[in-house]
Amino acid sequence: MASAGDPPTGPRDAADQNFDYMFKLLLIGNSSVGKTSFLFRYADDSFTPAFVSTVGIDFKDTAGQERYRTITTAYYRGAMGFLLMYDVANQESFTAVQDWATQIKTYSWDNAQVILVGNKCDLEDERVVPAEDGRRLADDLGFEFFEASAKENINVKQVFERLVDVICEKMNESLEPSSSPGSNGKGPALGDTPPPQPSGCSC
């Protein structure tokens with residue numbers, strides 16, 4: 001075992017980390033809304049203005065094709081939280097939020113928690129989606145709402161922390177004896193599964 005002062009001997013994965021719970025969280029939304037930049041800002045506190053497009057699934061192209069259905073369901077399976085993202089300077093990405101929300105409701109657990117994120121709020125001069133429209137849509141969908149900027153590091157940490165807080169709140173509610181969460185056949189609700197297991201790491 002290495003002492004605290006020794007350099008790491010190789011890459012560490014989640015199993016090596018000291019944590020209490022592990023949640024699967026997904027960032028979804030149209031291409032180029034800033035999902036990768038948002039994640040890099042949170043994980044590494046770094047921002048790169050140009051990324052090669054990340055490999056993913058564009059449901060506008062694949063949802064109607066049976067051969068992609070297994071990929072779609074596997075992608076969502078087990079996710080306890082979603083950051084559904086649009087670009088405040090791109091109307092099409094905002095219009096697509098409803099379709100993404102339908103995908104979440106179709107393929108994820110009943111109690112999966114969602115935060116709607118209007119990213120790139122630093123682009124005020126290019127804004128085409130008012131914050132009020134994002135807030136109204138989030139209310140209609142039953143989601144929480146934030147505007148954020150990966151570039152300027154606005155609300156990035158807060159969004160991730162709020163999503164984890166909401167998941168933990170929902171998990172605690174579902175574990176109370178008086179609650180009786182239901183399932184509509186899409187998969188287990190949080191209360192239908194054992195709580196996330198502690199890591200077991202004694203380090």
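None of the values given here were measured: they were computed from a predicted structure.
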State yes or no: do [X] and [Y] share one hydrophobic cluster built from I, L, V, M, F, W and Y residues joined by side-chain heavy-atom distances below 4.5 Å, directly or via other members?
{"X": "Val128", "Y": "Phe145", "answer": "yes"}
{"X": "Leu163", "Y": "Phe23", "answer": "yes"}
{"X": "Leu25", "Y": "Val156", "answer": "yes"}
{"X": "Leu123", "Y": "Ile154", "answer": "no"}

State whether the side chain of [X] and the backbone N or O of [Y] hold a donor-acceptor pair below 3.5 Å, judged by distance alone.
{"X": "Asn119", "Y": "Val33", "value": "yes"}
{"X": "Asn90", "Y": "Ser93", "value": "yes"}
{"X": "Lys151", "Y": "Lys120", "value": "no"}
{"X": "Gln113", "Y": "Asn111", "value": "yes"}

Suppose the criterion is ring-ring contact (aromatic ring centres under 6.0 Å, His included): which pairs have a residue in residues 152-176, not counting sequence neighbours? Phe38-Phe160, Tyr42-Phe160

Got Leu84 and Val117 here, is their nearest side-chain heavy-atom distance under 4.5 Å? no

Spacing of [X] atom [atom1] and [Y] atom [atom2] [to the nearest 0.5 Å]:
{"X": "Leu26", "Y": "Met85", "atom1": "CG", "atom2": "CE", "answer": "12.0 Å"}
{"X": "Phe94", "Y": "Leu137", "atom1": "CZ", "atom2": "CG", "answer": "4.5 Å"}
{"X": "Met171", "Y": "Ile167", "atom1": "CE", "atom2": "CD1", "answer": "9.0 Å"}
{"X": "Lys35", "Y": "Leu83", "atom1": "NZ", "atom2": "CG", "answer": "11.5 Å"}
{"X": "Leu27", "Y": "Ser37", "atom1": "CG", "atom2": "OG", "answer": "11.0 Å"}

Is the centre of the Phe82 ring less than 6.0 Å from the centre of the Phe143 ring? no

Take Asp87 and Val129 through the side chain to side chain contact (heavy atoms under 4.5 Å, CB included) test and state the conclusion after the steps. CA-CA 8 Å; Asp87 175 350; Val129 181; over 6 Å; no

Go through it in stages, so that I can follow the logic: the residues are Asn30 and Trp100, the test is side chain to side chain contact (heavy atoms under 4.5 Å, CB included), and I'd like the CA-CA distance, side-chain angles, deciding distance and then a yes or no. CA-CA 9 Å; Asn30 278 17; Trp100 287 105; 2.8 Å; yes

Donor + acceptor pair across side chains of Asp122, Ser149 (<3.5 Å): yes

Under 4.0 Å between a Lys/Arg side-chain N and an Asp/Glu carboxylate O for Arg162 and Glu169? yes

Salt bridge present between Arg127 and Glu147 (N-O < 4.0 angstrom): yes

Pairing residues for Lys157 by the salt bridge (Lys or Arg N to Asp or Glu O under 4.0 Å) criterion, not counting sequence neighbours: Glu161

Pair Lys105, Asp110 - check side chain to side chain contact (heavy atoms under 4.5 Å, CB included), show working. CA-CA 7 Å; Lys105 290 179 190 207; Asp110 288 345; over 6 Å; no

Would you please test Asp133 and Arg136 for salt bridge (Lys or Arg N to Asp or Glu O under 4.0 Å) and show each step? CA-CA 5 Å; Asp133 290 0; Arg136 187 178 310 113; 3.0 Å; yes

If you apply the rule side chain to side chain contact (heavy atoms under 4.5 Å, CB included), what do you find for Phe146 with Leu116, and how did you get there? CA-CA 6 Å; Phe146 283 83; Leu116 180 62; over 6 Å; no

Evaluate the ring pair (Phe, Tyr, Trp, His ring centres under 6.0 Å) criterion for residues Tyr75 and Tyr107: first the C-alpha distance (whole Å), next the side-chain angles of each, then the deciding distance (0.1 Å), finally the verdict. CA-CA 9 Å; Tyr75 187 66; Tyr107 295 113; over 10 Å; no

